[in-house]
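Notes follow once the structure below has been shown.
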Amino acid sequence: MQATTRTGGLITGWGAALPDKVVTNEDLVATLDTTEDWIVERTGIRERRVGGTTAGLAVEAGQRALDTAGLSPTDIELLILCTTTPDMAIPSTASLVQDELGTPGGAVDLNAACSGFVYGLVAAHGHVALGYERILLIGAETMSRVTDWDDRNTAVLFGDGAGAVVLEATGGVDGLLGFDLGSDGSARHLLEADIGGFMRMEGREVFRRAVRAVVDTANRAMQRAGVTIADLALVVPHQANIRIIESAARRLGISMDRTVNVLETTGNTSAASIPMGLVHAVESGRLHGGDLVLLVGFGAGMSWAAAVIRWGTGA
Ligand code: ACO
């Protein structure tokens, strides 16, 4: 494609998908040495959805995002699938999604674990700057496949799901005001899984680093966007643990009622959690044209990412 110097992209479509099967804390208490109270108090999670494939959930969420944007798959020039739970080692899961949806352009997987969707959003804006008109960006995960359901340290935390957005070039108004991407691979041992294996996690240390990473990356993104926390309508944080979100919100100086939280019913869905939070915010009427929103994620890697975006066209 001929490279251009176009700037400006806005989210024009959104959609989410969850598997039908609900696994409650009560279900987990039946097989694990844990209690309902422990899970709720330490994590904020009451239930999670489990099942399906990463590609299947991505297709469902992607089709919904296309529908709300009023587009058909053939309008899409690039499909970016953010996932840390691909369906196959080869090829990319994006290939399966591209084939199923029938999008004509490029298709690629992006893996930055729970920070993946924000990395993908920045990458999508970069492609818009190169001349792409319409991009489908999906975060989709089947964390249940890499979870050892006999390990109480991780089994209570994770779930499956997908969220998607359509990013369209505007030729003017820019939806991305500022961002920050980061990684510290020397800490990768804190949360890892071998190919075909289950996650191992040092939860306490991940927690400690997560709060710091969220606050620092959010502050850098806001500073680059030229905004302060008071300018934001909403913060959509990665949904790992309500206590991480509460600690980070306190340090950032934002009240919890200006954060978006879905983890009570979804658990941690890694790269799907931020787009699912975003979709929930729009569908419950919490986002209006021109609103400034901070998306902030952290996760395995360790990785972190934050972006300040302008919502819709009301700027
Ligand atoms: N039920 C009951 N007890 C439990 C459970 C459980 N499900 N899990 C752990 N415990 C025990 C521990 O063994 C420990 O017992 P001990 O004191 O006898 O050793 C005790 O509870 C306290 O353990 P902590 O690890 O200190 O508990 P904490 O309050 O830190 O909560 C948790 C643990 C929920 C894992 C928390 O540390 C956390 O959320 N960490 C971050 C995890 C995270 O966000 N991971 C995802 C990153 S995103 C990505 O990239 C996928």
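Here the structure is a predicted model, which is why all the values come from computation and not from measurement. In each ligand, atom 1 is the first atom listed, and ligand 1 is the first ligand listed. Note: hydrogens, waters and symmetry copies are ignored here, and every other heavy atom, side chains too, is used.
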Those atoms of ligand 1 less than 4.0 Å from some heavy atom in [X]:
X: H238; value: 48 (S)
X: N153; value: 8 (N), 9 (C)
X: G299; value: 48 (S), 49 (C), 50 (O)
X: N268; value: 46 (C), 48 (S)
X: A300; value: 49 (C), 50 (O)
X: T43; value: 34 (C)
X: R243; value: 29 (O), 31 (O)

Where's the contact between [X] and ligand 1, heavy-atom distance under 4.0 Å: side chain, backbone, both or neither?
X: T34; value: both
X: M199; value: neither
X: L191; value: side chain
X: F207; value: both
X: T35; value: neither

Starting from [atom], find the nearest protein heavy-atom neighbour and note its residue, name and distance.
atom: atom 28 (P) of ligand 1; value: R42 NH1, 3.4 Å
atom: atom 34 (C) of ligand 1; value: N241 ND2, 3.6 Å
atom: atom 7 (N) of ligand 1; value: R152 O, 3.0 Å
atom: atom 23 (O) of ligand 1; value: R204 NH2, 3.6 Å
atom: atom 33 (C) of ligand 1; value: W38 CH2, 3.8 Å
atom: atom 45 (N) of ligand 1; value: M201 SD, 3.2 Å
atom: atom 44 (O) of ligand 1; value: A240 CB, 3.3 Å
atom: atom 48 (S) of ligand 1; value: C114 SG, 2.7 Å

query: CH2 of W304 to CZ of R209: how many Å apart, nearest 0.5 Å?
result: 9.0 Å
query: Would you call the rings of F298 and H238 parallel, tilted or perpendicular, where under 30° means parallel and over 60° means perpendicular?
result: perpendicular
message: Looking at ligand 1, is there an atom of it that comes within less than 4.0 Å of some heavy atom belonging to I244?
response: yes
Can [Y] be reached from [X] by stepping across I, L, V, M, F, W or Y side chains whose heavy atoms are under 4.5 Å apart?
X: W14; Y: L278; answer: yes
X: L176; Y: I80; answer: yes
X: F117; Y: L167; answer: yes
X: V165; Y: L101; answer: no
X: V260; Y: L295; answer: yes

message: By the definition side chain to side chain donor-acceptor pair (under 3.5 Å), identify the one residue from T269, N25, T265, T147 that meets it with R48.
response: N25
- request: Run the numbers on D194 and R200 for salt bridge (Lys or Arg N to Asp or Glu O under 4.0 Å), then give the verdict.
  value: CA-CA 9 Å; D194 300 321; R200 302 179 294 271; 3.4 Å; yes
field: Step-by-step side chain to side chain donor-acceptor pair (under 3.5 Å) determination, N261 to T259
entry: CA-CA 6 Å; N261 294 296; T259 66; 2.9 Å; yes
field: Candidate pair N153 and R204, rule side chain to side chain donor-acceptor pair (under 3.5 Å), full reasoning
entry: CA-CA 10 Å; N153 291 302; R204 207 173 300 184; over 6 Å; no
query: Is atom 18 (O) of ligand 1 less than 4.0 angstrom from at least one protein heavy atom?
result: no
message: Go through it in stages, so that I can follow the logic: the residues are S72 and T74, the test is side chain to side chain donor-acceptor pair (under 3.5 Å), and I'd like the CA-CA distance, side-chain angles, deciding distance and then a yes or no.
response: CA-CA 5 Å; S72 76; T74 51; 2.8 Å; yes
message: Quick check: V156 and ligand 1, any N/O pair under 3.5 Å apart?
response: no
- request: Indicate yes or no: does R243 engage E246 in a salt bridge with an N to O separation below 4.0 Å.
  value: no
field: Distance-only polar pair, side chains of R224 and N219, donor-acceptor under 3.5 Å
entry: no
